[in-house]
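First comes the structure, then the notes that go with it.
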There are 2 protein chains.
Amino acid sequence: MQSPRPRVTMTDVARAAGVSPMTVSYTYNRPRRVSPETREKVLDAAASLGYAGPDPSARSLRYGATRTLGLVLGEHLTYAFDDPQAVQFLAGIAEVCAERGYGVLIVPTGTGDEDPDRVIAAAVDAYVVWTTTDDDPVLAAAFSTRRPVVVHGGPERAGATMIGIDNRTAARAVGAEVFAGAGRPAVLSFPVDRDRETFVRSGLDPATIAYPVTRDRLAGYRDAAIELGIDWSRVPVGVCRTNDAGEARSMMRRLFDADPGIDAVAAMSDQLAAAAQEEGVRRVSGWDDSDVARRHDLTTVAQSLRDQGAACATAALGGSAPDHREAWRLVRRASTR
Amino acid sequence: MQSPRPRVTMTDVARAAGVSPMTVSYTYNRPRRVSPETREKVLDAAASLGYAGPDPSARSLRYGATRTLGLVLGEHLTYAFDDPQAVQFLAGIAEVCAERGYGVLIVPTGTGDEDPDRVIAAAVDAYVVWTTTDDDPVLAAAFSTRRPVVVHGGPERAGATMIGIDNRTAARAVGAEVFAGAGRPAVLSFPVDRDRETFVRSGLDPATIAYPVTRDRLAGYRDAAIELGIDWSRVPVGVCRTNDAGEARSMMRRLFDADPGIDAVAAMSDQLAAAAQEEGVRRVSGWDDSDVARRHDLTTVAQSLRDQGAACATAALGGSAPDHREAWRLVRRASTR
DNA sequence: CTGTTAGCGCCTTCAC
DNA sequence: GTGAAGGCGCTAACAG
């Protein structure tokens, strides 16, 4: 731990300037309330003592607010920074916060047991929590502080704002595209719980999935399959650990091992879809409409994580943010023709 | 501003549990120093009052440290989040901080005049400043707080750690590759100062550039040109505003307007190099060895911004970080053959 | 194992 | 235009 620095306080400056501490405080906070001569005296004293201005922690204590928004990015910070969508989300948050003069504190999660404590110990006025599972203890920790909490993607909680698109409806729409006319459809999915195991299971039940976003997407794919008369119990779902192309390709090979006839894949990201395409699947759909989707001409679901980040920040800081449930768009491209 | 929430304090909990505030404090900070029965009494009282644990600001004030690292990302947060290298840098910082239980506070800069004040008012133990100009007032603000400052890329300052590769030597090496055998070489550069104007100037003098990183790279390109017997005063330098492909392509067209014979371009990023290539330049070099470089088969300078971020965080938090001056590698690919 | 005392550095309130 | 008192919520140091 950083050891305390030797500090120069307002009292020191006051003494050096021959005024009271209050005058120093005013000099920094209400400069116009102090006469020009006094102000100059104070600033001179401050400069010669190396006083850098009011101590931020003391100020926060006094004000009862920190002007900082806490951002909880989930167990593995690495996954977040490697995910272009998460980065856009962060950009949206940072933009709103910068406008309003709020700092963004990335809460140091990632070590497991200590995570809830670290959330609780963060000096912030509100939290934004990046999409997670229903049972994430970190979420509980954020709520226990009684500060405002905004959750991106889910889970939903009474008393917390949830921001995100209607994943189920969007998945049904893109599923209808990719599964149309397919003989043997399959799904490339994100993890089902925080253990992030990889596996293949036909007819995977969405209700068993701990991540609301993943659950809703899978349910939407199933809706689409059922509407097309496809027997969901025979649709293999390959669950990947991360949003990584290499891993997705080997998962795709596992799917082919199980059923060499697979001819359509609904994937939960553009990266996964591109990997399936590279393994030889003709009909694929992605998610997010990223650069990859454009390069691979993928049918996909467009959404702006940046807008959603901005909305989360706005809501967390007490503004009213627009509903994003319908803020998605089906983008039809060659990959489903 | 977030208005103060109604608070439950240790004193409240102490009263409810029939103990002194110190016992409550111990219960949270040295649980083993408190008897199990007392601990339970205290936690029960806390739960029933909705007490969420010690107030972080009060704790910071008392400890004299915040366990938070301040990150200053420059005038335009947008540029930082749109730059994959900056994101990797952030990832490296976040990783080290998470390991050590430090939060990463993105200081809300970007509005101009207020930026220095916001840096000063940030409740952090140390700063990491993303590459900037010699005269950036935000840097001065960080130093004025007397907290440790680590600067990435530059400028160098007495009393501050600087982490980054030797850009000049690296630029000379890659310049030697791309300019070899070129009849009319040119350069695609990053901005020369924080105004970020775009322009073309032949023989642009590196000494006039306010960003040390850009200055060193240009100087290295010039070194390479001179060694090859090229007259630097006739080498056009196109200065781009951001690291954006669209802008780079139009800058490349401006360079062609000035000199249609341009047959080699040294670019300060892979994105800019790819844009030059797409505009028809046969011989190009990039910088960073990103995905783009691999896709476009670009000769480039490989470096790990992630490692550099980690090193900055380590140094800022009081560890000793390895020197990164030689942590780069020339990657030769088809774009200079 | 628990309690008392004494501030950390600041700013609201109220006086002058 | 300036100052004195008091307390924000917490914990180090020292009893007992």
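Below, each value reflects all heavy atoms present in this structure, side chains not excepted, and no hydrogens, waters or symmetry copies. So that the names make sense, note that chain A is the first sequence line, chain B the second, and so on, each numbered from 1.
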Practice task
Say whether T27(B) and R39(B), considering side chains only, have a donor N or O and an acceptor N or O under 3.5 Å apart.
Solution key: no
Exercise for the section: Determine the contact category for M10(A): base if any of its heavy atoms lies under 4.0 Å from a base atom, sugar-phosphate if only primed atoms, P, OP1 or OP2 are that close, otherwise nothing. Expected result: sugar-phosphate
Practice task
Indicate, with a heavy-atom threshold strictly under 4.0 Å, whether R30(B) touches base, sugar-phosphate, or nothing.
Solution key: sugar-phosphate
Practice task
May I ask you to verify if any side-chain N or O of T23(A) is less than 4.0 angstrom from the OP1 or OP2 atom of dG3(D)?
Solution key: yes
Exercise for the section: Would you indicate, yes or no, if dT11(D) has its OP1 or OP2 atom less than 4.0 angstrom from a side-chain nitrogen or oxygen of S25(B)? Expected result: yes
Problem - Separation of dG9(D) C1' from R59(B) CZ (nearest whole Å) - result: 11 Å
Exercise for the section: Identify which one of V96(B), D125(B), T68(B) satisfies the side chain to side chain contact (heavy atoms under 4.5 Å, CB included) criterion when paired with Y102(B). Expected result: D125(B)
Exercise for the section: Take atom CZ of R33(A) and atom C1' of dT13(C), then tell me their distance rounded to the nearest Å. Expected result: 10 Å
Handout entry: Sugar-phosphate, base or nothing in reach of R39(A), heavy atoms under 4.0 Å
Key = nothing
Practice task
Would you indicate, yes or no, if dC10(C) has its OP1 or OP2 atom less than 4.0 angstrom from a side-chain nitrogen or oxygen of Y51(A)?
Solution key: yes
Problem - Modelled atom types, side-chain donor and acceptor of S35(A) and T38(A), under 3.5 Å - result: yes
Practice task
Identify, between E37(B) and L61(B), the residue whose nearest nucleotide on DNA chain C lies closer to the 5' end.
Solution key: E37(B)
Practice task
Please figure out whether A58(B) or T38(B) has its closest DNA chain C nucleotide nearer the 5' end.
Solution key: T38(B)
Exercise for the section: Return yes if the base of dC11(C) and the side-chain atoms of R62(A) contain a donor-acceptor N/O pair under 3.5 Å, otherwise no. Expected result: yes
Practice task
On the 0 to 90° scale, with breaks at 30° and 60°, tag the Y51(A)-Y28(A) ring pair as parallel, tilted or perpendicular.
Solution key: perpendicular
Exercise for the section: Indicate, with a heavy-atom threshold strictly under 4.0 Å, whether S60(B) touches base, sugar-phosphate, or nothing. Expected result: nothing
Handout entry: Any S20(B) side-chain nitrogen or oxygen under 4.0 Å from OP1 or OP2 of dG3(C)
Key = yes
